[in-house]
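The structure appears below as structure tokens.
Bear in mind that the values here come from a model prediction, so they are computed numbers and not experimental data. First listed ligand is number 1; within each ligand, the first listed atom is number 1.
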Amino acid sequence: MVERNPNLAKLRAGYLFPEIARRKKAVIEENPEAKIISLGIGDTTEPLSGGIVSSLVEACRGMGTLEGYSGYGAEQGMGDLREKIAEKLYRGIVKPEEVYVSDGAKCDTGRLQVMFGAEATVAVQDPSYPVYVDGSVILGQTGGYNDDASQFDGIEYMRCDASNNFFPDLSALPRTDLIYFCSPNNPTGAVATKEQLKELIDFAKKNRSILIFDAAYSAYIEDPELPRSIFEVEGSREVALEINSFSKMAGFTGVRLGWSVVPQELKFEDGTPVSKDWNRVVTTLFNGASNLVQKGGLACLSDAGYSEVEEMIHYYKTNATIIKKALTEMGLEVYGGVNSPYCWARMEGKGSWEAFEEILTQAFVVTTPGAGFGPAGEGFVRFSSFGHRDDVEEAVERLRKHLG
Ligand code: MLT
């Protein structure tokens, strides 16, 4: 018999979103007539626009012709897409050869964890996207649970809540090899300012740490003063790499396309450029994003395509405004929902899972319990704005009725 990987055995529950899906299914089975509305997982719902679809169709048609057929591409991505990402999304502050096209930010996170290896020590925002911790646990970068079983011993949890303006107290943070930082944060919606990111960069530099900056929600930032990329901040190229995705930006959650940026100046302790090892991992464990999908990505970044993308973002942001307004009017303490597609609400006097169950079974609305994002998420619920407008409007009416 094969021994079970002990690291996987350390993950107590299932991954957060399948667990929510399981609970939703149970409620549907008990209430087959109920119309459940999901404001849970951040999964895009609106159809892709015509121009982007045409480019995908055209790419497929091409595959049926001798001239248009292509097999394996460059593992790092098509040259023209890397160029377009550098030019359109970074306005030239990163070089095309520093951009690595992928099948999504979650997959890149897993591959980065493989690259840094089981010995790497880790700090994460608390609360934050569960993949940082769960992936690190699977890799064996963590010890067991601490005494109150809410945190892993081997991980530094950087508490980011309203009391510290959602930015960690770095003076109290021990050195780690890696620091994950997501801005706009999933789940709180908090966006770090340039000054805060500069502080983080200086901290990473002083400690010789590497910052893994997750900018998957950056397209939702509307305030021009707020940085959309870590590379807008001075000193970042020596300490940070960035992951990002077309998922939330262009509705590609199912299509699958993302990218990472690893600057040439980022080095390991022995002087090896991180990009050298990243290239090795990408070429060994990944064969590149689908050539069809990359054409779709290119279409999103054309002038016409990008206006369509911005329209879609505006649609989801209007949903976020509707949700935030309703929750606020109901007297809840609500964060996010402005430069982010997520609203983060305190459910006074209730545990996250308790509030989640109550909203699900009474209002038939799926949310995400804050505790799933880390111990500091306890007592909160996240509302996603990814949904059809009618559903969002109906969901807030139901919430007003049951929670208001
Ligand atoms: C979320 O709901 O937090 C995310 O959409 C899940 C994901 O992107 O994997």
Side-chain angles (χ1 to χ4, degrees), residues 11 13-24 36-46 102-113 124-138 160 166 180-191 212-220 242-260 289 293 312-313 316-317 319-320 323 335-337 339-345 352-353 356 359-360 365-374 376-377 380-387 391-392 395:
L11 296 167
Y15 180 57
L16 177 62
F17 296 105
E19 173 61 20
I20 292 168
R22 190 188 65 74
R23 292 182 187 225
K24 173 180 163 188
I36 307 252
I37 298 175
S38 179
L39 305 181
I41 186 165
D43 191 7
T44 47
T45 54
E46 299 311 296
S102 75
D103 51 349
K106 182 193 259 180
C107 320
D108 272 337
T109 305
R111 286 186 287 264
L112 283 167
Q113 288 163 339
V124 295
Q125 284 158 295
D126 179 20
S128 67
Y129 185 39
V131 175
Y132 312 142
V133 169
D134 286 6
S136 303
V137 172
I138 290 172
C160 297
F166 296 95
Y180 289 90
F181 201 90
C182 178
S183 177
N185 176 268
N186 175 13
T188 65
V191 189
I212 299 177
F213 190 76
D214 184 347
Y217 297 94
S218 56
Y220 289 77
E242 180 164 305
I243 49 181
N244 208 323
S245 165
F246 283 77
S247 287
K248 316 299 157 104
M249 177 181 90
F252 270 31
T253 50
V255 179
R256 308 304 304 150
L257 190 65
W259 73 92
S260 58
V293 168
M312 191 187 282
I313 291 169
Y316 292 127
K317 281 171 64 95
N319 285 350
I323 297 168
Y335 302 95
N339 293 295
S340 153
Y342 297 128
C343 294
W344 181 244
S352 299
W353 280 103
F356 164 87
I359 298 169
L360 177 58
V365 173
V366 182
T367 58
T368 306
F373 298 97
F380 284 80
V381 161
R382 189 193 76 176
F383 295 84
S384 157
S385 67
F386 295 110
D391 287 344
V392 167

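- Each of the atoms 1 (C), 2 (O), 5 (O) of ligand 1 lies under 4.0 Å from some heavy atom of Gly42.
- Proximity to Tyr129 (heavy-atom distance under 4.0 Å) selects the following atoms of ligand 1: 6 (C), 7 (C), 8 (O), 9 (O).
- The closest donor-acceptor contact from the side chain of Gln125 to the backbone of Cys182 lies under 3.5 Å.
- Of the possible polar contacts, none joining the Ser352 side chain to the Pro369 backbone as a donor-acceptor pair under 3.5 Å is found.
- Here is the list of ligand 1 atoms found below 4.0 Å of a heavy atom in Asn186: 1 (C), 3 (O).
- Taking the six-membered ring for Trp, Tyr180 and Tyr129 have ring centres at least 6.0 Å apart.
- Taking the side chain as every heavy atom from C-beta outward, Leu112 and Ile212 approach each other to under 4.5 Å.
- Using a 4.0 Å cut-off between heavy atoms, Ile41 contacts ligand 1 through both its backbone and its side chain.
- The closest side-chain donor-acceptor pair between Tyr220 and Tyr316, if any, does not fall under 3.5 angstrom.
- Between the side chain of Ser384 and the main chain of Phe386, a donor-acceptor pair closer than 3.5 Å is present.
- Considering both main-chain and side-chain atoms, Gly40 never comes within under 3.5 Å of ligand 1 through any nitrogen or oxygen pair.
- Distances between N or O atoms of Asp43 and those of ligand 1 include no value under 3.5 Å.
- In this structure, Phe386 has no heavy atom closer than 4.0 Å to ligand 1.
- Centroid-to-centroid, the aromatic rings of Phe383 and Trp344 stay 6.0 Å apart or farther.
- Close approach of ligand 1 to Lys248 (heavy-atom distance below 4.0 Å) involves ligand atoms 4 (C), 5 (O), 7 (C), 8 (O).
- Short contacts between ligand 1 and Tyr342, defined as distances under 4.0 Å to a heavy atom of the residue, involve ligand atoms 1 (C), 2 (O), 3 (O), 4 (C), 5 (O).
- Heavy-atom contacts of Tyr217 reach the following atoms of ligand 1: 4 (C), 5 (O) (cutoff under 4.0 Å).
- Applying the 4.0 Å criterion to heavy atoms of Lys106 picks out, from ligand 1, the atoms 9 (O).
- Of all atoms in ligand 1, listed by their number and element, those nearer than 4.0 Å to a heavy atom of Arg382 are 1 (C), 2 (O), 3 (O).
- With Ser340 contributing its side chain and Gly336 its backbone, the two residues share no donor-acceptor pair below 3.5 Å.
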